[in-house]
Amino acid sequence: MSKGIISKDEDYSQWFNELVIKADLAEYSPVRGCMIIKPYGYSIWEKMQTVLDKMFKDTGHSNAYFPLFIPKSFFSKEASHVDGFAKECAVVTHYRLKNDGEGNIIVDEEAKLEEELIVRPTSETIIWNTYKGWIQSYRDLPILVNQWANVVRWEMRTRLFLRTSEFLWQEGHTAHATSEEAIAEAEQMLEVYADFVENWLAVPVVKGRKTPSERFAGALDTYCIEALMQDGKALQAGTSHFLGQNFAKAFDVKFSDKENKQDYVWATSWGVSTRLMGALIMSHSDDAGLVLPPKLAPIQVVVVPIYKHQEELDNIRNYVNSLSAELKAKGISIKFDDRDTQRPGFKFAEYELKGVPLRVAIGSRDMQNGTVELARRDTKTKETTTQEGLAAKIEGLLEEIQQNIFDKAFKFREENITKVDDYEEFKRLLDEKPGFIAAHWDGTPETEQRIKDETKATIRCIPLNNPQEEGKCILTGRPSKERVLFARAY
RNA sequence: CGGGAUGUAGCGUAGCCCGGUAUCGCGCCACAUUUGGGAUGUGGAGGCCGCAGGUUCGAAUCCUGCCAUCCCGACCA
């Protein structure tokens with residue numbers, strides 16, 4: 001492992017790339033745009049999955065699994081949905097390879113599929129094709145299903161965790177008897193996401209809805225949570241869609257209500273992906289490496305022994321065993337790094353790079369004095385404290401760290417939301433002080449597009465519970481009733 | 001798909017203009033000394049110089065073609 005990573009002030013995107021690689025989260029794969037998520041990175045994702053999965057179950061959802069491949073014909077059914085995804089679909093055309101006689105493996109042209117298969121970019125179509133068979137009556141509703149899956153979107157430009165051709169996610173797909181119920185579902189899941197991202201990733205989010213042009217293809221309304229990264233760019237961290245009856249109509253999914261009247265079913269879908277890893281990394285980390293929130297850190301506490309002789313190590317180990325037992329009883333994960341192949345200084349740097357929230361260093365002097373050295377990753381501070389009551393102290397500190405990194409990110413976010421009423425000022429701020437800009441907009445897609453073309457900033461969302469105020473569109477001067485959040489985004 | 005750049009050991013690189021069988025650092029292996037912030041010494045292993053042609057007695061180096069990757073745009077969770 002080479003020393004250090006580039007400073008994030010020097011080159012933010014290179015900093016991010018180096019961090020992902022050197023912290024052992026992921027690496028590039030032989031396939032362009034695809035990544036290998038390494039065990040350390042994957043264990044963070046697993047923690048996210050575990051927590052989210054429970055939240056889904058607690059709100060009445062069940063998991064299921066739908067196929068990776070979708071018949072091409074399914075895609076022709078919902079027009080705007082097709083438009084949204086057609087340009088980035090991987091297509092399976094053959095089902096067999098053969099040897100060409102010269103030692104090369106080639107596609108067997110005779111094994112051409114009758115109907116081509118699309119590798120799912122999202123599963124609405126195959127799921128609604130399936131729901132048709134599950135729903136006849138209002139008694140069959142609601143259907144509250146989630147699936148954990150991989151999806152493929154053939155992106156032109158990819159970035160580790162933020163935009164890869166294949167990514168992991170969960171997609172919830174629900175079916176309801178009424179519009180109101182479906183909207184309530186979409187709103188509920190947005191709340192679940194916001195709760196999860198703020199309380200587990202320690203990343204503050206703005207809850208809002210997308211403008212029509214930023215909506216999910218096929219949705220009537222898209223709700224989102226938007227986070228602000230340390231470089232001032234916004235990141236969409238999760239979306240929840242009210243799909244209306246669009247997919248029910250496309251796949252002819254009707255039900256009989258209590259009066260025996262036929263109506264199309266109302267739908268939602270909602271998802272978060274491994275992109276959350278990107279949000280996590282970019283929200284808290286620094287030039288020394290990752291900073292992980294304790295609640296998602298694969299290792300919450302690492303113990304580094306400092307010793308010269310075997311008996312000193314044995315002595316330390318003895319103490320660490322009892323500390324481990326105490327911490328495990330509290331549900332805290334601890335690693336005792338007794339490798340003799342690396343020196344303590346190396347280990348310190350390594351665990352800082354990997355974002356372990358707390359480090360305990362114990363040497364022979366400590367053993368004599370009944371103390372340890374306790375170092376916090378978030379503040380980079382160290383203190384010497386007694387072994388007595390250490391487990392309880394660690395427990396408290398982990399909670400404090402979780403809160404602290406959220407507070408820090410929250411303060412940064414608040415400091416980087418600026419109200420702007422002048423277009424020149426708007427453009428200047430985007431370059432000089434990136435972040436969210438709260439500005440008036442006349443509500444037209446044309447204005448939105450022009451601002452995007454001229455500044456690269458998009459409307460990230462119209463915040464929920466947005467204060468209403470009279471104002472003039474920043475570009476056209478036309479009347480507006482509320483401010484929307486603009487930013488350059490990932 | 002346009003514009004730019006780069007492919008040499010696991011990683012980062014020198015050599016290329018001016019052809020003669022590859023440099024240095026990190027990492028790796030062995031041994032010893034070390035261990036409170038990324039250890040030191042000694043010895044060692046590791047290369048189809050992106051791929052395919054061509055020129056030449058001889059190509060990492062010159063020529064042609066291809067491939068791949070990265071950056072910047074258009075598209076996107």
Side-chain angles (χ1 to χ4, degrees), chain A residues 1-6 11 13-14 17-18 21-22 27-34 83-89 121-122 150-171 193 210 213-217 219 222-227 234-241 269-279 288-289 304-310 312-313 316 337-353 359-369 371-375 380 382 384 452-453 456 458 460 489-490:
Chain A
M1 193 175 311
S2 60
K3 283 187 186 180
I5 53 177
I6 194 171
D11 186 337
S13 77
Q14 194 183 337
N17 285 333
E18 286 188 15
I21 304 286
K22 292 189 173 168
E27 64 185 46
Y28 291 103
S29 81
V31 183
R32 186 190 124 84
C34 295
D83 289 346
F85 288 104
K87 297 181 297 289
E88 48 187 29
C89 286
T122 179
N150 58 339
V151 287
V152 168
R153 297 179 188 176
W154 214 262
E155 300 289 350
M156 302 230 175
R157 241 182 115 185
T158 57
R159 296 201 55 193
L160 293 167
F161 286 118
L162 299 173
R163 176 166 293 107
T164 44
S165 293
E166 179 192 18
F167 58 90
L168 306 183
W169 77 345
Q170 57 69 216
E171 45 181 328
Y193 288 154
K210 289 291 186 188
S213 57
E214 295 276 332
R215 254 177 221 151
F216 175 73
T222 288
Y223 300 87
C224 62
I225 49 173
E226 292 284 330
L235 182 81
Q236 179 175 305
T239 50
S240 176
H241 315 288
S269 68
W270 28 274
V272 294
S273 70
T274 35
R275 183 180 237 204
L276 286 176
M277 295 286 292
V304 177
I306 296 155
Y307 61 96
K308 287 191 174 69
H309 307 291
Q310 185 61 39
E312 291 174 90
L313 177 60
I316 293 166
D337 188 350
D338 61 352
R339 285 177 300 173
D340 193 36
T341 49
Q342 317 292 343
R343 301 170 90 234
F346 180 92
K347 294 178 184 176
F348 293 171
E350 185 180 19
Y351 291 112
E352 276 164 15
L353 183 58
R359 181 184 75 230
V360 176
I362 312 176
S364 293
R365 281 208 303 277
D366 290 309
M367 290 308 289
Q368 279 159 23
N369 301 337
T371 58
V372 299
E373 181 192 81
L374 198 51
K380 300 276 285 292
K382 292 192 280 200
T384 298
K452 184 179 175 183
D453 291 343
K456 292 183 200 164
T458 49
R460 301 319 303 158
Y490 278 99

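Letters go in sequence order (proteins before strands), and every chain restarts at 1.
- Taking the six-membered ring where tryptophan is involved, the planes of A:Phe216 and A:His241 are essentially parallel, since the angle between them stays under 30° and well short of 60°.
- Distance noted for atom C1' between B:rU34 and B:rU40: 8 Å (whole Å).
- Look at the C1' atom in both B:rC24 and B:rG47: the space between them is 15 Å, to the nearest Å.
- Residue A:Gln342 is out of contact with every strand shown, counting any heavy-atom pair closer than 4.0 Å.
- Where A:Tyr28 and A:Arg365 each meet RNA chain B at their nearest nucleotide, the meeting point lying more 5' is that of A:Arg365.
- By the ring pair (Phe, Tyr, Trp, His ring centres under 6.0 Å) test, A:Trp154 is found to be paired with no residue, residues two or more places apart in sequence or in another chain being considered.
- Comparing B:rU35, B:rA77, B:rG38 by their closest approach to the side chain of A:Thr164 singles out B:rA77.
- Remark: the separation of the P atoms in B:rG20 and B:rA60 is 9 Å, to the nearest Å.
- Distance from the side chain of A:Met156 is smallest for B:rC75 among the nucleotides B:rU35, B:rC75, B:rG37.
- Here B:rG38 is the nucleotide among B:rG36, B:rA77, B:rG38 with the atom lying nearest to any side-chain atom of A:Ala349.
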Please write out the pairs of protein N or O atoms and N or O atoms of nucleotides 41-43 of chain B separated by less than 3.5 Å, giving the distance to one decimal.
none

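- Taking atom C1' on both nucleotides, B:rA45 is separated from B:rG53 by 34 Å, rounded to a whole Å.
- The base of B:rG37 sits with one of its N or O atoms less than 3.5 Å from a complementary donor or acceptor on the side chain of A:Glu352.
- Qualifying side chain to side chain donor-acceptor pair (under 3.5 Å) partners for A:Thr164, counting only residues two or more places apart in sequence or in other chains: none.
- Taking only distance into account, the side chain of A:Lys382 meets the base of B:rG37 through a donor-acceptor pair shorter than 3.5 Å.
- Residue contacts for A:Gln236: at a heavy-atom cut-off of 4.0 Å it reaches the sugar-phosphate backbone alone, with no base atom in range.
- Residue contacts for A:Ser364: at a heavy-atom cut-off of 4.0 Å it reaches a base atom on one of the strands shown.
- In the set B:rG38, B:rC75, B:rG73, B:rG73 carries the atom at the smallest distance from any side-chain atom of A:Lys456.
- Of the candidates A:Leu276, A:Val151, A:Asn150, A:Val151 is the only one forming a side-chain contact (heavy atoms from CB on, under 4.5 Å) with A:Trp169.
- Residue A:Gln14 contributes atom CD, which lies 12 Å from atom C1' of B:rG12 at whole-angstrom precision.
- Across B:rG38, B:rU35, B:rC75, the shortest atom-to-atom separation from the side chain of A:Lys308 is found for B:rU35.
- For the ring pair (Phe, Tyr, Trp, His ring centres under 6.0 Å) test, no residue two or more places apart in sequence or in another chain qualifies with A:Tyr223.
- Here A:Leu162 lies in heavy-atom contact (under 4.0 Å) with a base.
- Comparing B:rC75, B:rA77, B:rC70 by their nearest atom to the side chain of A:Lys87 picks out B:rC75.
- Rounding to the nearest 0.5 Å places CZ of A:Arg460 at 7.5 Å from SG of A:Cys224.
- Comparing B:rA77, B:rC71, B:rU35 against the side chain of A:Asn17 picks out B:rC71 as the nearest.
- The 5' end of RNA chain B is approached more closely, in terms of each residue's nearest nucleotide, by A:His309 than by the other of A:His309 and A:Thr239.
- Taking atom C1' on both nucleotides, B:rU64 is separated from B:rG27 by 38 Å, rounded to a whole Å.
- Scored by the side chain to side chain donor-acceptor pair (under 3.5 Å) test, A:Gln14 finds A:Glu18 as partners (sequence neighbours excluded).
- Separation of the P atoms belonging to B:rC63 and B:rG7 is 15 Å when rounded to the nearest angstrom.
- Rounded to the nearest Å, the gap between the C1' atom of B:rU61 and that of B:rG3 is 28 Å.
- With sequence neighbours left out, A:Ser165 forms a side chain to side chain donor-acceptor pair (under 3.5 Å) with no residue at all.
- Partners of A:Arg359 by side chain to side chain donor-acceptor pair (under 3.5 Å), not counting sequence neighbours, listed by chain and number: A:Glu352.
- Taking atom C1' on both nucleotides, B:rC49 is separated from B:rG44 by 23 Å, rounded to a whole Å.
- Considering only side-chain atoms of A:Phe167, the nucleotide from B:rA77, B:rU35, B:rC75 that sits closest is B:rA77.
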For RNA chain B, please output the secondary structure as dot-bracket, reading 5' to 3'. Pairs are Watson-Crick or G-U wobble, both atom distances under 3.5 Å; mark crossing pairs with [ ], other-strand partners with |, unpaired with a dot. (((((((..(((.......[...))).((((((.....)))))).....(((((..]....))))))))))))....
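- For A:Leu353 and B:rG38, the CG to P distance is 16 Å, given to the nearest whole Å.
- Put simply, the side chain of A:Arg359 and the base of B:rG37 share a donor and an acceptor less than 3.5 Å apart.
- Here A:Tyr490 lies out of heavy-atom contact (under 4.0 Å) with every strand.
- Residues meeting the side chain to side chain contact (heavy atoms under 4.5 Å, CB included) test with A:Ala361, sequence neighbours left out: A:Ile306, A:Phe348, A:Glu373.
- Of the possible donor and acceptor atoms, none in the side chain of A:Tyr490 sits under 3.5 Å from a partner among the backbone N and O of A:Gly278.
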